[in-house]
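Just so you know, residue 1 is the first one in the sequence shown, and it goes up from there.
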Amino acid sequence: QVQLVESGGGLVQAGGSLRLSCAASGRTYAMGWFRQAPGKERDFVATITWTHGSTYYADSVKGRLTISRDNAKNTVYLQMNSVKPEDTAVYYCAAGSSFGFVVRSYTYWGQGTQVTVSS
């Protein structure tokens with residue numbers, strides 16, 4: 001069992017920056033960030049592997065959002081730059097045994113953190 005705790009969400013103006021953190025109680029193969037806007041499905045944002053730091057991003061966030069990890073702290077980050085109103089969503093951290101970009105690739109989920117981007 002892996003517990004995940006997200007933090008760092010909040011209100012930010014369009015064009016601004018925000019950094020989300022996800023502290024994990026244990027280690028799996030990969031960690032991911034997903035987001036869910038009201039009335040929409042949970043969408044993939046980015047993923048990273050613990051061992052090699054390999055990353056993969058959704059096209060909509062490439063060049064603006066960056067996923068990283070701190071192995072010593074068992075923590076994964078999502079640096080959000082040049083944010084847009086369409087980035088508004090609840091952001092979820094996830095842990096899984098495969099390097100995937102769909103919800104079913106991940107076994108453990110955090111409680112989510114709200115990010116709101118004002119225009």
Side-chain angles (χ1 to χ4, degrees):
Q1 189 81 7
V2 176
Q3 295 186 344
L4 306 172
V5 179
E6 300 107 331
S7 60
L11 176 64
V12 59
Q13 287 190 328
S17 297
L18 203 63
R19 189 177 80 158
L20 307 183
S21 299
C22 174
S25 65
R27 196 74 69 84
T28 55
Y29 180 72
M31 298 287 290
W33 283 99
F34 287 73
R35 64 187 182 186
Q36 189 167 18
K40 295 190 175 182
E41 295 184 349
R42 191 168 298 188
D43 291 332
F44 168 76
V45 175
T47 183
I48 190 167
T49 60
W50 282 112
T51 302
H52 299 293
S54 301
T55 59
Y56 186 82
Y57 295 90
D59 288 342
S60 59
V61 306
K62 282 181 182 176
R64 300 188 301 115
L65 275 58
T66 303
I67 190 170
S68 62
R69 91 275 193 231
D70 185 330
N71 288 28
K73 295 181 179 180
N74 262 18
T75 300
V76 173
Y77 303 97
L78 185 68
Q79 178 66 43
M80 305 176 66
N81 296 330
S82 303
V83 295
K84 305 175 181 180
E86 50 263 45
D87 292 323
T88 295
V90 177
Y91 282 71
Y92 295 92
C93 175
S97 58
S98 61
F99 187 62
F101 43 89
V102 293
V103 169
R104 64 177 179 271
S105 296
Y106 297 86
T107 304
Y108 305 102
W109 293 84
Q111 80 288 354
T113 185
Q114 176 70 47
V115 172
T116 302
V117 181
S118 63
S119 56

Between [X] (side chain) and [Y] (backbone), is there a donor-acceptor pair under 3.5 Å?
X    : Y   : value
S82  : G15 : no
Y106 : C93 : no
T49  : Y29 : no
Y57  : I67 : yes

Does the pair K84/D87 count as a salt bridge with the N-to-O cut at 4.0 Å?
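Here K84 does not pair with D87 in a salt bridge, since their nearest N and O are not under 4.0 Å apart.
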To the nearest 0.5 Å, tell me how far [X] [atom1] sits from [Y] [atom2].
X    : Y   : atom1 : atom2 : answer
H52  : R69 : NE2   : CZ    : 9.5 Å
L78  : L65 : CG    : CG    : 4.5 Å
F44  : W33 : CZ    : CH2   : 13.0 Å
S119 : E86 : OG    : CD    : 10.0 Å
N71  : T51 : CG    : OG1   : 7.5 Å
Q36  : E41 : CD    : CD    : 8.5 Å

State, with a plain yes or no, whether a side-chain heavy atom of [X] is found less than 4.5 Å away from one of [Y].
X    : Y   : result
Q111 : L4  : no
S60  : R35 : yes
T28  : S97 : no
M80  : R64 : no

Show the nearest heavy-atom pair for residues [X] and [Y], with the distance to one decimal.
X   : Y   : result
F99 : S54 : CE1-O, 3.5 Å
V12 : S17 : CG2-O, 3.7 Å
S25 : N74 : C-ND2, 4.3 Å
A30 : S98 : CB-O, 3.5 Å
T75 : S21 : CG2-CB, 4.3 Å

Heavy atoms of other groups near [X] [atom1], more than 12 under 6.0 Å:
X    : atom1 : answer
Q79  : CD    : yes
K62  : NZ    : yes
Q13  : CD    : no
F101 : CZ    : no

Applying the 4.5 Å side-chain criterion to the ILVMFWY set and letting contacts propagate, would [X] and [Y] be lumped into a single cluster?
X    : Y   : value
V61  : M31 : yes
W50  : L20 : yes
I48  : Y91 : yes
Y108 : V90 : no
V83  : F34 : no

Under the side chain to side chain contact (heavy atoms under 4.5 Å, CB included) criterion, do W109 and R42 qualify, and how do the steps go?
CA-CA 12 Å; W109 293 84; R42 191 168 298 188; 3.4 Å; yes
